[in-house]
Chemist: 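Pasting a structure below so you can have a look.
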There are 2 protein chains.
Amino acid sequence: MVANNKDISSFLKTHGLAGTIIRKQVLSHLWGDGVALTQKEIEEKLPPETDRVTLYRTLRLFTEKGIVHKIVLNGETQKFKIAGRFRKSDHAHFYCTKCHKLLCMPQLDVDLSDLPEGFQFSSARLVVEGICDTCSQKNQTQTQ
Amino acid sequence: MVANNKDISSFLKTHGLAGTIIRKQVLSHLWGDGVALTQKEIEEKLPPETDRVTLYRTLRLFTEKGIVHKIVLNGETQKFKIAGRFRKSDHAHFYCTKCHKLLCMPQLDVDLSDLPEGFQFSSARLVVEGICDTCSQKNQTQTQ
DNA sequence: AAAGCACTTGCAACACGGTTGCATTTTAAT
DNA sequence: ATTAAAATGCAACCGTGTTGCAAGTGCTTT
């Protein structure tokens, strides 16, 4: 639980969603900059009696509403992340393979001038992997 | 069947793989520039009695050997495509939403100079969607 | 061309996540 | 507190990933 209950409740209300227990729990775990979790990872953080269908529906709802983004890493794992101030999931992301944070990087946006003649752009998805600034500064062994 | 049997057989041999019927069939359907298919799409093109496990293992083998690339579109659909001369699946791809071709676009590669101070690059995946040059020229109604 | 071996396939079976329908419970508005 | 609307929990189904194993096939050697 990173953010307090008030914050999350009003956040849900802002987006026209009822403030149910599971939704608050899910949001509280996704709260914080760079936090990105798999559905499984979220499931493991919730009380064990939580129904997997409800979690599935919650995440689907959040994704539809644009509250969270689904991002695919290395063509395999799908992570969920609070959308923050970026409405569209179009912008670039940076995934740190050390601390497993997923950061928005709109400054990395694709240079469309390199698009060959005749090609029309519609959308782009870019995920860059590497080591983030925090992790490369601390050269000490660092877990999580 | 786009390529002839000889081509495909020698292609398999080159990569140290036995030239079995299914492998040839799968390759023949993936042959050609820009062709990218879902596992389901491939399955539908094969004889109906084909075992799904065998197809699964064939595609896994091809992917491991680097013969085909797996590319994820819009964070959902996973397509297979012959790797061609690009060994790493790192380079950018362009997906045409009209003709559903998936083209390699190494010229679109990410501009890493925009990476903020302290960030270390390791790999990147970029998929651009839009309409390809061929499709935007033919403004007539065009299917597939 | 035939034999033998390693590799491949087909089948059965299980795991697991996505998905739906419906009855029950909870939320939020009155 | 009442009530309607929305969310949840449960059972159940589907499709795909994955494995083990027996049977079949491709390929090399003679």
Side-chain angles (χ1 to χ4, degrees), chain A residues 5-30 36-65 67-80, chain B residues 5-30 36-65 67-80:
Chain A
N5 225 296
K6 289 272 182 219
D7 285 347
I8 293 182
S9 290
S10 63
F11 180 83
L12 281 168
K13 188 166 284 180
T14 304
H15 291 278
L17 298 175
T20 68
I21 299 170
I22 292 202
R23 290 179 187 173
K24 289 183 203 167
Q25 288 175 335
V26 171
L27 277 183
S28 75
H29 289 298
L30 288 176
L37 300 171
T38 331
Q39 176 157 345
K40 197 173 195 66
E41 287 167 346
I42 299 172
E43 200 173 336
E44 284 160 359
K45 289 175 186 294
L46 296 177
E49 69 272 16
T50 310
D51 188 63
R52 70 184 187 87
V53 178
T54 307
L55 174 58
Y56 160 72
R57 283 197 270 231
T58 302
L59 290 171
R60 184 177 60 182
L61 178 72
F62 285 173
T63 308
E64 283 166 6
K65 290 279 178 184
I67 295 175
V68 307
H69 289 161
K70 280 198 285 190
I71 288 124
V72 180
L73 300 177
N74 60 52
E76 304 285 343
T77 357
Q78 198 162 50
K79 292 234 174 188
F80 293 90
Chain B
N5 225 296
K6 289 274 182 216
D7 284 348
I8 293 181
S9 290
S10 64
F11 180 84
L12 281 168
K13 187 166 284 180
T14 304
H15 291 277
L17 298 176
T20 68
I21 299 170
I22 291 202
R23 291 180 187 171
K24 290 183 204 168
Q25 287 175 334
V26 171
L27 277 184
S28 75
H29 289 299
L30 287 176
L37 300 171
T38 333
Q39 176 157 344
K40 198 176 195 63
E41 287 165 348
I42 298 172
E43 201 172 336
E44 285 161 359
K45 289 176 187 294
L46 296 176
E49 68 273 15
T50 309
D51 188 62
R52 70 183 188 86
V53 179
T54 306
L55 174 57
Y56 159 73
R57 284 198 269 230
T58 301
L59 289 172
R60 183 175 63 181
L61 178 71
F62 285 174
T63 309
E64 282 167 7
K65 290 279 178 182
I67 295 175
V68 307
H69 289 159
K70 280 198 284 190
I71 288 125
V72 180
L73 300 178
N74 60 50
E76 304 285 342
T77 357
Q78 197 162 49
K79 292 232 173 189
F80 293 90

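To find a chain, count down the sequence lines: A is the first, B the second, and so on, and within it residues start at 1.
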Chemist: Within a 6.0 Å radius of atom CG on B:L61, are there more than 12 heavy atoms belonging to other residues, nucleotides or ligands?
Modeler: yes
Chemist: Rounded off to whole Å, could you give me the CG-to-C1' distance for the B:L17 and D:dG26 pair?
Modeler: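 That distance rounds to 13 Å.
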Chemist: What is the distance, to the nearest angstrom, from the NZ atom on B:K70 to the C1' atom on D:dT16?
Modeler: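 So the NZ-C1' distance, B:K70 to D:dT16, works out to 12 Å.
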Chemist: Side chains of B:F80 and B:E41: does their closest heavy-atom pair fall under 4.5 Å?
Modeler: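 They are not in side-chain contact.
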Chemist: With a 4.0 Å cut-off on heavy atoms, is B:R52 in touch with a base, just the backbone sugar-phosphate, or nothing at all?
Modeler: base
Chemist: Please determine whether a side-chain nitrogen or oxygen atom of A:T20 lies at a distance below 4.0 Å from atom OP1 or OP2 of D:dT8.
Modeler: yes
Chemist: So, does the side chain of A:R57 form a donor-acceptor pair with the base of D:dG9 at under 3.5 Å?
Modeler: yes
Chemist: Could you check B:G19 against B:E43 and say which one's nearest nucleotide on DNA chain D is further toward the 5' end?
Modeler: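 The answer here is B:E43.
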Chemist: With heavy atoms of chain B within less than 4.0 Å as the criterion, where does contact along DNA chain C begin and end?
Modeler: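 Span of nucleotides near chain B: C:dT8 to C:dA13.
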Chemist: For the pair made of CD1 in B:I22 and P in D:dT25, what is the distance, rounded to whole Å?
Modeler: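 The distance from CD1 of B:I22 to P of D:dT25 comes to 12 Å, rounded to the nearest Å.
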Chemist: Check every atom of D:dC10, D:dT8, D:dG26 against the side chain of B:A18 and return the nucleotide holding the closest atom.
Modeler: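 That would be D:dG26.
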Chemist: Kindly say if B:Q78 contacts the phosphate of D:dT16, meaning a side-chain N or O under 4.0 Å from OP1 or OP2.
Modeler: no
Chemist: Find which nucleotide of DNA chain C each of A:R60 and A:K40 is nearest to by heavy atoms, and output the residue with the more 5' nucleotide.
Modeler: A:K40
